[in-house]
Amino acid sequence: MFKRILIANRGEIALRVIRACRELGVETVAIFSEADRGAPYLELADEAICVGPAKAADSYLRIDRVISAAEIGNVQAIHPGYGFLSENSHFAEVCRSCDIGFIGPTPEAMERVGDKNSARALAREAGVPTVPGSQGIIGSEQEAVKVAREIGFPVLLKATAGGGGKGMRVAANDLALASAWQQASAEAQAAFGNPGIYIEKYIERPRHVEIQILGDQHGNVFHLWERDCSTQRRHQKLIEESPSPRLPQAIRQKMADAAVRLAKTANYFSAGTVEFIVDQQDNFYFIEVNARIQVEHPVSEMVTGIDLLKAQIRVAAGEKLDLKQEDIKPRGHAIECRINAEDPAHNFRPNPGRIDRIIAPGGFGVRWDSHATTGYVVPPHYDSLVGKLIVHQATRKDAIDTMIRALKELRIEGIKTTVPLHLEVLANTAFHEAQVDTTFVERMLAG
Amino acid sequence: MFKRILIANRGEIALRVIRACRELGVETVAIFSEADRGAPYLELADEAICVGPAKAADSYLRIDRVISAAEIGNVQAIHPGYGFLSENSHFAEVCRSCDIGFIGPTPEAMERVGDKNSARALAREAGVPTVPGSQGIIGSEQEAVKVAREIGFPVLLKATAGGGGKGMRVAANDLALASAWQQASAEAQAAFGNPGIYIEKYIERPRHVEIQILGDQHGNVFHLWERDCSTQRRHQKLIEESPSPRLPQAIRQKMADAAVRLAKTANYFSAGTVEFIVDQQDNFYFIEVNARIQVEHPVSEMVTGIDLLKAQIRVAAGEKLDLKQEDIKPRGHAIECRINAEDPAHNFRPNPGRIDRIIAPGGFGVRWDSHATTGYVVPPHYDSLVGKLIVHQATRKDAIDTMIRALKELRIEGIKTTVPLHLEVLANTAFHEAQVDTTFVERMLAG
Amino acid sequence: MCAAPTPGDIFDVKKVRRLIELMKEHDLSELDLKQADNRVRIRRGGEVVAYSAPAVSMPRPAAATAEPAAAPAPSAADARMLVIKSPMVGTFYKASGPDSAPFVKVGDRIGPEKTVCIVEAMKVFNEIPAGVSGQVVAILVENGAPVEFGQPLIKVDPEA
Amino acid sequence: MCAAPTPGDIFDVKKVRRLIELMKEHDLSELDLKQADNRVRIRRGGEVVAYSAPAVSMPRPAAATAEPAAAPAPSAADARMLVIKSPMVGTFYKASGPDSAPFVKVGDRIGPEKTVCIVEAMKVFNEIPAGVSGQVVAILVENGAPVEFGQPLIKVDPEA
């Protein structure tokens with residue numbers, strides 16, 4: 001096991017790693033930017049090193065500074081958390097060349113699953129279904145129509161260089177496709193300087209279901225079943241739960257098996273997530289792999305009883321996972337609400353600032369993962385996550401009741417948070433009936 | 001289900017009941033003494049009624065005042081918590097005569113298990129082993145010697161009116177018995193005005209193991225396995241855990257079955273605890289029944305996933321328990337540390353006062369049950385429990401590591417607490433090896 | 001307290017009073033003055049009003065907590081008022097029956113033995129004696145309303 | 001300062017009033033003055049902002065948090081000092097090699113272009129220019145010691 005590791009992250013995930021290390025008897029070196037100086041979680045690390053100014057590009061994202069900190073901190077490995085450098089295969093390579101362990105997959109596995117095209121190829125190789133679509137860029141309107149007819153309308157046009165919804169259009173028939181093609185192409189050219197467009201089957205009201213995997217360096221890959229992250233706002237996950245409430249057991253098993261196959265094909269180890277979308281007929285399609293620990297990992301920890309962070313550190317140190325797939329059984333139901341410093345009354349704009357008072361909820365079935373304490377200042381430079389409230393109860397109904405109770409008990413004074421939005425979702429009949437897809441929150445807010 | 005209940009208690013257990021009720025959608029009326037006025041947990045109740053001055057005998061223990069509060073609060077039932085009126089069968093009777101539900105067993109069952117002699121008779125009837133001893137008061141030194149020889153030395157002499165160690169003597173042979181008999185009898189006369197003495201087999205270095213039971217009003221009684229509460233200081237439980245680390249599975253099963261038999265024989269329903277002592281050869285002997293929810297109930301909740309408080313309220317309202325004994329399987333290992341406002345440096349004398357700052361630990365496997373917040377004043381009038389820290393992990397080793405991590409993360413400023421004592425116990429080799437009996441803490445502190 | 005407190009005497013009540021007035025005026029929550037071994041520390045809004053020498057007695061902080069939405073600065077008349085509080089939890093009745101005259105009404109002069117109301121608890125009708133002398137200024141609870149322990153029932157002016 | 005209260009009498013109410021007005025004006029939530037054994041500490045609202053000298057400039061509270069074991073009240077000389085801080089994380093070297101003379105030593109007069117030390121990061125030896133002019137007063141880090149971003153390395157007196 002490592003004697004000392006560096007945590008190349010901040011906030012709640014840095015605290016999560018510190019906690020895991022303290023339990024493992026591993027010393028920790030935290031890094032921080034000037035904006036995070038004095039943050040209370042840093043006191044729980046054995047050492048804390050300032051790596052730069054507030055701007056992430058000059059601190060948390062600077063590979064040279066992080067590596068220097070690892071060197072002066074005299075650590076054997078780096079935990080990247082999520083975000084920042086966590087899925088940067090170059091960083092993982094630099095760690096290797098500096099003889100510093102990287103707590104995550106190999107750079108090769110990361111690249112294999114990280115690139116869109118190679119990930120789709122990988123899925124095909126592993127026999128994992130992907131969303132039907134064109135093999136690459138569509139050259140003409142005629143070709144678009146031909147492909148669309150093959151895969152069946154409605155179809156989605158996507159910019160190959162794209163992101164953030166730019167250059168995206170849905171078309172329900174030949175006629176609509178013609179104008180959508182022109183618009184999408186023009187928009188892509190304007191936004192990304194690249195008019196390349198590809199076509200995919202459009203999945204209406206999909207659910208977002210992902211499989212947590214965990215592998216070691218001895219060829220073992222396990223799955224910890226699924227998380228349903230369909231409750232999103234503008235593609236940002238709001239509420240995650242496990243098990244997925246409407247998923248038939250046979251589909252659940254098929255998805256889990258597919259995820260393990262895919263990870264094994266990529267020689268993937270450590271924690272990772274294989275994301276799928278599920279259509280209304282329970283067909284599932286591979287989307288992407290997140291080659292890191294995820295924000296919502298606690299719901300899987302609650303239902304399986306497995307500490308993912310400790311497991312991740314142990315396998316990075318070369319330990320063999322002492323698990324059997326048949327023993328990993330979900331128990332009860334877990335839900336996580338992401339509490340963000342955002343103002344629901346002003347279109348959820350970030351609301352950083354000083355927390356005058358915070359009282360965390362407690363009691364049976366309640367877990368609170370947060371780096372915020374009374375007096376903590378949420379800096380404006382990073383994501384707005386203030387804490388994660390996780391509940392675990394025997395049934396989904398009980399879990400919802402406990403979550404509502406805990407959200408009402410949580411007091412955060414001084415800044416606005418997403419708590420009211422969570423309460424609105426949890427009171428919604430559609431949510432209770434698990435009639436949730438990725439469009440649910442927007443429809444709820446609109447209606 | 002009840003629409004509204006009254007909580008005839010204070011502090012953390014009042015908060016525990018409020019939380020359960022909020023999750024069940026049951027309104028709560030809290031009562032409080034003048035010493036507890038303004039306590040933050042009262043804000044979470046739907047109504048709070050002052051029932052008297054600080055002195056418990058004039059407030060929380062006054063049946064008439066509690067019943068009056070229930071009447072003006074317009075409740076259908078009363079939850080008594082633990083301590084105070086929780087095991088007062090007269091109070092349960094008054095509730096019944098006032099047509100107010102009592103969230104606990106019937107007064108008859110409570111009396112049957114509450115009285116020492118009838119409980120021993122009950123155990124014999126249910127075929128549950130008790131500590132071998134005299135059938136009642138010993139009339140003479142000669143009789144004492146005869147009984148002691150029958151049950152085998154060493155023996156324990158106990159005052160029939162006694163408690164708190166007064167009038168107790170251990171004798172290892174005939175000679176010692178003679179003088180012990182005279183001393184114990186004289187001491188009992190002086191302390192209780194009653195010289196009556198009985199004799200029991202003296203169990204050296206016993207473990208305290210108890211079985212959690214849960215029954216409904218339809219004849220179902222289940223057990224939630226055991227808790228080991230051997231880590232005690234002066235007969236006060238400090239640390240409780242489940243499962244009991246050294247108990248052979250066959251014995252565990254026998255004890256659980258015995259507890260269920262005993263409860264069924266007494267027509268006992270609601271939550272309850274059957275306490276046993278276990279000798280060094282794993283023989284177990286029934287001691288007593290606690291006819292209420294117990295301080296340490298969370299450890300059973302964590303390993304079984306069953307919310308005992310909610311179940312207790314549901315069965316009091318007449319609901320049938322939707323459980324199967326074979327599905328109640330302990331998962332992982334849970335430990336609870338009682339954090340008391342006591343000064344370890346001054347022989348654990350109570351240390352009430354203002355909590356200038358409290359930061360509760362969080363993260364995976366950690367549960368914090370506490371009514372204390374920053375600024376809360378621990379009143380000097382009641383027990384010194386400030387909070388209960390409970391951890392749940394896959395193994396006992398992991399649970400100990402998480403508990404140490406959480407204890408070090410917990411910050412309570414302004415008052416002294418038992419945290420250092422807990423850390424000392426958890427670092428002790430004997431505790432790690434589970435070589436713990438009820439004399440362990442005193443031996444540790446002495447040596 | 002002598003006539004001319006020395007400049008270093010932090011326990012000059014007038015000075016402390018002025019400090020407190022200053023705090024109230026500016027809505028301060030804490031004030032902490034220390035000089036060599038001397039220290040004055042005053043906090044407002046919650047609990048502690050304390051200072052560290054056994055000088056003039058300060059009112060118990062608990063009382064402030066007890067009535068959080070308490071009256072604004074009481075007038076001199078208010079200050080002398082006596083309040084008859086409920087000695088138990090129950091239901092308040094101002095008369096012995098629906099058709100009876102109330103035990104007391106505003107303006108009545110009463111003595112300590114005078115029954116001023118009934119608090120019913122567990123079907124027992126408890127007659128509550130005034131315990132004080134004076135003139136009834138206000139009856140603070142509606143007939144038939146529930147009352148808790150210590151709840152003010154009747155206001156009495158002992159000097160009227 | 002007027003004659004009546006002794007200069008050391010921090011319990012002068014007028015003085016405190018002026019401090020509070022100062023706080024309101026600057027929207028301070030806490031004020032903490034300490035001089036030898038004397039101390040004035042005032043909080044408003046609940047927020048904490050502390051400063052250690054009743055002087056003119058109001059340093060950002062973050063700075064106070066940043067250096068928890070920070071220096072006592074700085075003297076006037078201290079106040080004018082400039083500090084050359086490390087622009088990166090790495091290892092500090094005062095010379096280009098074990099046998100070379102140090103880039104600077106106490107008493108040297110330096111200009112902005114002058115290399116004052118090396119900070120090694122990832123096997124790269126980065127020469128750090130002074131960036132300021134003045135006389136070297138102190139070298140704050142041992143040769144070969146690790147330094148973090150923003151860590152003070154060398155103290156320079158610009159007026160000497």
Side-chain angles (χ1 to χ4, degrees), chain A residues 12 15-16 18-25 40-41 43-44 297-298 301-302 304-310 322-323 329 331-332 357-371 373-375 387-395 398-406 408-409 411, chain B residues 12 15-16 18-25 40-41 43-44 297-298 301-302 304-310 322-323 329 331-332 357-371 373-375 387-395 398-406 408-409 411:
Chain A
E12 79 84 18
L15 175 58
R16 176 74 188 87
I18 291 171
R19 282 171 168 161
C21 287
R22 287 168 76 108
E23 295 179 17
L24 288 168
Y41 65 90
E43 285 172 32
L44 296 174
H297 75 274
E301 292 184 324
M302 301 318 277
T304 64
I306 294 171
D307 188 319
L308 274 165
L309 256 294
K310 285 202 266 187
D322 185 23
L323 294 170
K329 288 182 189 140
R331 178 155 104 176
R357 186 155 89 129
I358 187 165
I359 300 179
F364 182 60
V366 174
R367 169 177 171 184
W368 175 240
D369 273 42
S370 170
H371 57 297
T373 57
T374 292
K388 305 187 302 200
L389 183 55
I390 304 112
V391 300
H392 184 211
Q393 275 281 6
T395 67
D398 285 335
I400 292 173
D401 290 343
T402 298
M403 182 59 90
I404 293 171
R405 185 272 288 176
K408 289 184 175 170
E409 220 175 282
R411 288 178 72 162
Chain B
E12 79 85 19
L15 176 59
R16 176 73 187 90
I18 291 171
R19 283 172 168 161
C21 287
R22 286 169 77 107
E23 294 180 19
L24 289 166
Y41 65 91
E43 286 171 33
L44 296 173
H297 75 274
E301 293 184 322
M302 300 318 277
T304 64
I306 294 170
D307 188 319
L308 275 164
L309 256 293
K310 286 204 267 189
D322 185 23
L323 293 172
K329 286 181 191 142
R331 179 156 103 175
R357 184 154 92 129
I358 186 165
I359 299 180
F364 182 61
V366 173
R367 169 177 172 185
W368 175 239
D369 274 42
S370 170
H371 58 297
T373 57
T374 292
K388 305 188 301 200
L389 184 55
I390 304 114
V391 298
H392 184 210
Q393 276 281 7
T395 66
D398 285 334
I400 292 173
D401 290 342
T402 299
M403 182 59 91
I404 292 171
R405 186 273 288 175
K408 288 184 175 171
E409 221 175 281
R411 286 178 70 163

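In what follows, chains carry the letters A, B, and so on, assigned in the order in which the sequence lines appear, proteins first and then strands, with residues in each chain numbered from 1. Every value quoted in this text rests on a predicted model; they were computed, and no experiment measured them.
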Contact class of B:Ile359 relative to chain A, heavy atoms under 4.5 angstrom: side chain

Proximal component of B:Leu309, with respect to chain A [non-hydrogen, under 4.5 Å]: neither

Worked verdict on B:Arg22 versus A:Glu409 for salt bridge (charged side-chain N to carboxylate O under 4.0 Å, His left out): CA-CA 10 Å; B:Arg22 286 169 77 107; A:Glu409 220 175 282; 5.4 Å; no

A:Thr395 versus chain B, the contacting section by heavy-atom distance below 4.5 Å: neither

Over all atoms of both residues, closest heavy-atom pair of A:Glu301 and A:Leu308: OE2-N, 2.8 Å

Part of A:Pro361 lying under 4.5 Å from any heavy atom of chain B: backbone

Proximity breakdown for A:Arg19 and chain B, heavy-atom pairs closer than 4.5 Å: both

Chain B contact via A:Thr373 - side chain, backbone, both or neither, heavy atoms under 4.5 Å: side chain

Atom group of B:Gln393 that falls short of 4.5 Å from chain A, counting heavy atoms: side chain

Per-residue contact mode, A:Glu43 against chain B (heavy atom under 4.5 angstrom): side chain

Test log, rule salt bridge (charged side-chain N to carboxylate O under 4.0 Å, His left out), inputs A:Arg16 and A:Asp307: CA-CA 11 Å; A:Arg16 176 74 188 87; A:Asp307 188 319; 2.9 Å; yes

Heavy-atom proximity to chain B below 4.5 Å, by part of A:Ile306: backbone

Heavy-atom contact with chain A under 4.5 Å, split by part of B:Lys388: neither

Residue part contacting chain A, namely of B:Met302, when any heavy atom lies under 4.5 Å: both

From CA spacing to verdict: side-chain contact (heavy atoms from CB on, under 4.5 Å), B:Leu389, B:Val366: CA-CA 7 Å; B:Leu389 184 55; B:Val366 173; 4.0 Å; yes

